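Keep in mind that what you see is a predicted model, and the values were worked out from it rather than measured. Just so you know, ligand 1 is whichever comes first in the structure, and atom 1 is the first atom listed for that ligand.
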Amino acid sequence: MAELQLANPDPVFIQEVKRLGGDTLKNCYQCATCSAVCKLSPETNPFPRREMLLAGWGQTETLIKEPNLWLCYQCNDCTTYCPRGARPGDVLAAVRVFAYKHFSFPSFMGKAVASPSALPLLLLVPTILLLGCMFLFAPQTADGSFQFLESNVVDFNLFLPHSSIDALFVFGGVMIFLFAGIGMGRFWKGLRQPGQDYTLGFVSALILTIKEIISHSKFRECEASHSRAIGHQLLIYGFVGAFVTTLMVFALHFIPEYLHLWFRIESLHPFIEMPVEFPNPVKILGGLSGMAIIIGCGLLIARYWGTEDESSSYSDNIFLYMMFFTSLTGMLSWFIRVADMAMAAYVMYFLHLVCVFYILWYMPYSKFAHMVFRTLALVHARMIGRIQ
Ligand code: SF4
Ligand code: SF4
């Protein structure tokens, strides 16, 4: 006789998934239409019917380690055909948010970034630190007023010295990559099952996954939200471009400058001067990346407000808005600086830095973590032969 097993549902998980946008999960009556229509679902062990069952039963431990969660791109083809309005695409998206909150370190940060009530406090932290940098480090005139108030040219270095911003950037970056690494390690450990056979090495699986992310080939297979793939792709290209631009500014300006200052290497000077201007390739890359983010986020936000896409949760939206405002304030502070409107340029630059530090410091707990976790899950799925 088969052994009787108790399901032991986790009520906290069910409540949390409902709060995160999966409030329809109990509507599912297991007809499996969703698994049949999903173009991304493999023939063996198809999803998302089983995941809907596990979610409805509150099987947290099984579900958050389930690679299938991350094979879903929330295109909502299944939601369109679900006869019960259970919105399986949105339920899986909510479970993914729950999963990266669960694996994140420290876990209270995961909860804070997913909570609208914590937003003012999260914005206040970079605001206070940046104001502190200005009051402590902005150069002053002999009579004690700030030089940037007296200067005839708009100079961000007089308002918030680059060295203080770099210190925040480097210190925050090191901490964040450390915390993100811990979260990724926990997630990877959760994906690996005892006795699992691997048919592909990590590096080969990673290369195939990166190719897929660049081409968005899987995302484009979906029907109901095909246009969402364009906004998503622009956002990813813009994000990568902005990241490369930041690294290049560091490598070509700040690192040689600091080596020159600290180690007195007379021959070493910055390869590019600040502020970087057109037609420098770094400026062109930064400008194009900013435009890609603004257009990509704009398309995704417009879809949401046009009610074409009802599926976005707070975690999706806040990330989109912060990315949008980071790029918009960056572009505007450049235009206003060039137009020589000093005070407006400083205010815009300050807002831009608050957005930049929000994105950077809360990266391991935001939708960005989702991108990293999905990449790892896709690599793992390839390694075990779940997808090709
Ligand atoms: S989510 Fe909808 S389509 Fe999928 S099994 Fe449940 S009721 Fe059927
Ligand atoms: S949302 Fe799209 S990818 Fe996800 S399960 Fe449904 S049909 Fe498949």
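Near Pro83, the atoms of ligand 1 lying under 4.0 angstrom from a non-hydrogen atom of the residue are 3 (S). Close approach of ligand 1 to Tyr29 (heavy-atom distance below 4.0 Å) involves ligand atoms 6 (Fe), 7 (S). Of all atoms in ligand 2, numbered sequentially from 1 with element shown, those under 4.0 Å from a heavy atom of Leu40 are 3 (S). For ligand 2, the atoms closer than 4.0 angstrom to any heavy atom of Gln74 are 1 (S), 4 (Fe). Here is the list of ligand 2 atoms found below 4.0 Å of a heavy atom in Gly89: 1 (S). Taking a cut-off of under 4.0 Å to the non-hydrogen atoms of Ala32, the atoms of ligand 1 that pass are 5 (S), 8 (Fe). Ligand-side atoms of ligand 1 in range of Gln30: 5 (S), 6 (Fe), range being under 4.0 angstrom from any heavy atom. Each of the atoms 5 (S) of ligand 2 lies under 4.0 Å from some heavy atom of Pro48. For ligand 1, the atoms sitting less than 4.0 Å from at least one non-hydrogen atom of Thr33 are 3 (S), numbered in the order shown with element in parentheses. Using a 4.0 Å cut-off to heavy atoms of Cys34, the atoms of ligand 1 that qualify are 1 (S), 3 (S), 4 (Fe), 5 (S). Distances below 4.0 Å separate heavy atoms of Asn76 from the following atoms of ligand 2: 1 (S), 2 (Fe).
At least one side-chain heavy atom of Asn45 sits less than 4.5 Å from a side-chain heavy atom of Arg386. Proximity of Lys18 to Lys26: side-chain heavy atoms (C-beta onward) are separated by under 4.5 Å at one or more points. Looking only at side-chain heavy atoms (C-beta outward), Tyr349 and Ile336 stay at 4.5 Å or farther from each other.
Taking the six-membered ring for Trp, Phe368 and Phe319 have ring centres at least 6.0 Å apart. A centroid separation of 6.0 Å or more is found between the aromatic rings of His253 and Phe271.
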Side chain to side chain donor-acceptor pair (under 3.5 Å) between Gln140 and Ser145, worked out | CA-CA 5 Å; Gln140 298 182 350; Ser145 73; over 6 Å; no

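A heavy-atom separation below 4.0 Å is not found between Pro88 and ligand 2.
For the pair Arg382 and Phe202, the NZ or CZ position fails the cation-pi test of under 6.0 Å to the six-membered ring centre and within 45 degrees of the ring normal. With a 6.0 Å cutoff to the six-membered ring centre and a 45° limit on the axis angle, Arg186 does not count as a cation-pi contact of Phe103.
Counting only heavy atoms of the protein, atom 8 (Fe) of ligand 1 lies nearest to Cys31 SG, 2.3 Å. In this structure, the protein non-hydrogen atom closest to atom 2 (Fe) of ligand 1 is Cys82 SG, 2.3 Å. For atom 6 (Fe) of ligand 1, the closest non-hydrogen atom of the protein is Cys28 SG, 2.4 Å.
Because the distance cut-off is set at 2.8 Å, Cys78 fails to qualify as a neighbour of atom 4 (Fe) of ligand 1, as none of its N, O or S atoms comes that close.
The pair Arg96-Glu51 fails the salt-bridge criterion, with no side-chain N (NZ, NE, NH1 or NH2) lying under 4.0 Å from an Asp/Glu carboxylate O.
Comparing Cys72, Ser41, Pro46 by heavy-atom distance to atom 4 (Fe) of ligand 2, the nearest is Cys72.
Here Cys75 has heavy atoms under 4.0 Å from ligand 2 in both its backbone and its side chain. Counting heavy atoms closer than 4.0 Å to ligand 1, residue Tyr81 contributes nothing at all.
Side-chain N or O atoms of Tyr237 include one that pairs as donor or acceptor with a backbone N or O of Ile214 at under 3.5 Å.
The aromatic rings of His162 and Phe254 sit perpendicular, their planes meeting at an angle over 60°, well past the 30° parallel limit.
Of the listed residues (Arg49, Arg50, Arg84), just one forms a side-chain hydrogen bond (donor to acceptor under 3.5 Å, both in side chains) with Gln30, and that residue is Arg49.
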